[in-house]
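Positions are given from 1 along the sequence. Just so you know, these numbers come straight off a predicted model, no measurement behind them. Both ligands and their constituent atoms are indexed starting at 1 by order of listing.
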Amino acid sequence: MRATAIAHPNIALVKYWGNRDETLRLPANGSISMNLEALFTRTAVDFQEGLAADEVRFAGGPAGAEMSARVSEHLGRIRALAKSSLFARVDTENNFPLGCGIASSASAFAALTVAACAAAGLALEEKQLSRLARLASGSACRSVPTGFVEWQVGSGDSDSFASSLLPPSYWNLRDLVAVVDRRPKAVSSSEGHRSAWSSPFYRRRIDSAPNRLEACRRSLIDRDFGRLAEVVEQDCLLLHSVLVTSTPPLMYWKPSTVEIIQRVRRWRDQGLPIAFSIDAGANVHCLTPGDSAPAALDRLREIPGVLEVLQTDPGGPAVLTV
Ligand code: DP6
């Protein structure tokens with residue numbers, strides 16, 4: 001009754017923000033992402049006789065109350081499917097900072113879903129695993145399939161899941177994550193999703209999402225970096241326009257975040273293919289084709305306030321390990 005899984009976080013190219021159903025995490029718009037190979041969460045789940053409650057450990061120590069409650073709630077869904085009443089011991093670790101805009105809940109809940117289902121003896125297809133991961137954290141459904149992934153908005157619980165658009169080897173895009181703040185954000189994405197509807201710009205963002213999804217799909221299929229850069233940056237800036245105009249306003253950027261945005265746009269004008277994207281955090285994901293990555297990396301490292309730059313290729317699916 002023990003299983004271990006690894007999952008990668010993902011960077012959304014067209015982002016998920018806001019739910020039309022909070023309990024089922026049915027998104028207001030579809031989204032497209034790329035898994036991040038070099039970053040991962042590893043999670044072991046062991047359903048045991050004799051436990052009075054789930055026990056969650058993070059990086060070798062007891063997990064905080066909030067994380068434990070969210071993990072336990074998800075294990076409850078899996079127990080119900082497996083018709084089991086056993087509690088579990090969960091051991092989880094990450095090789096990257098948590099809760100600061102590098103999609104740690106995506107890899108965490110994708111790995112937990114895959115490990116816990118296997119440990120509970122459930123043999124589910126990828127789309128069922130993705131659907132289940134969505135209930136715990138929206139972006140986690142996109143960390144279940146491989147490579148470049150699209151989450152369908154769906155008509156309800158059964159058909160809102162993610163599937164792979166293209167394998168990781170299709171395009172050697174590199175994500176250079178310029179870390180300017182390693183501290184967990186003060187306001188979680190889950191809270192942000194709830195306040196999205198209070199922004200006067202939110203409706204426009206949702207209504208225009210199908211056009212961005214189509215442009216993003218096409219730019220990936222055609223490996224058209226110029227078009228990808230345009231849609232990724234526009235979607236990111238639309239998201240942050242919603243964030244700063246929500247009640248209460250959510251302002252995740254730091255001065256170095258803005259500095260990176262300005263430099264990235266200048267470098268692109270000068271001929272370096274590079275584009276920025278920022279999730280709910282201050283850190284900046286810089287996308288660039290693999291052959292431009294060394295030059296982009298050197299430039300990013302010179303920016304005052306950049307603590308480190310994480311580098312990753314497109315990543316594979318969530319998998320069981322031994
Ligand atoms: C800005 O999936 O972290 O990264 O469903 O409440 O866990 P919950 O939210 P989460 O939201 C991700 C928001 C985002 C954009 C994206 O990844 O699409």
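Side-chain contact annotation: T41 with N94, donor-acceptor N/O pair under 3.5 Å present. Side-chain contact, R194 with S190: no donor N or O sits under 3.5 Å from an acceptor N or O. No hydrogens or angles considered: nothing links the side chains of H8 and S143 as a donor-acceptor pair under 3.5 Å. Inspection of the K15 and S277 side chains reveals an N or O donor paired with an N or O acceptor under 3.5 Å.
Using 4.0 Å as the threshold, R142 has a heavy atom nearer than that to some atom of ligand 1.
The part of W17 lying near ligand 1 is the side chain, judged by heavy-atom distances below 4.0 Å.
Residues R25 and Y16 meet the side-chain proximity criterion, which asks for heavy atoms closer than 4.5 Å. At a threshold of 4.5 Å between non-hydrogen side-chain atoms, the residues L238 and R205 count as touching.
With atom 1 (C) of ligand 1 as the reference point, the heavy atom nearest to it among G192, A280, S33 is part of A280. Atom 7 (O) of ligand 1 has its nearest heavy-atom neighbour, among K15, R25, R70, in R70.
Atom 15 (C) of ligand 1 has Y16 O, 3.4 Å as its closest protein atom, hydrogens excluded (heavy atom only). Counting protein heavy atoms only, atom 9 (O) of ligand 1 is closest to H193 NE2, 2.9 Å.
Those atoms of ligand 1 that come under 4.0 Å of a heavy atom in S190, given as number and element, are 6 (O), 7 (O), 8 (P). Close approach to S189 involves these atoms of ligand 1, each under 4.0 Å from a residue heavy atom: 3 (O), 9 (O), 10 (P), 11 (O). Using a 4.0 Å cut-off to heavy atoms of A12, the atoms of ligand 1 that qualify are 16 (C), 17 (O), 18 (O). Under a 4.0 Å criterion applied to the non-hydrogen atoms of S105, ligand 1 contributes the atoms 3 (O), 7 (O). Close approach to S139 involves these atoms of ligand 1, each under 4.0 Å from a residue heavy atom: 2 (O), 3 (O), 10 (P), 17 (O).
Formation of a donor-acceptor pair under 3.5 Å by the W171 side chain with backbone atoms of L166 is not found in this model. In this structure, T288 contributes its side chain and P273 its backbone to a donor-acceptor pair below 3.5 Å.
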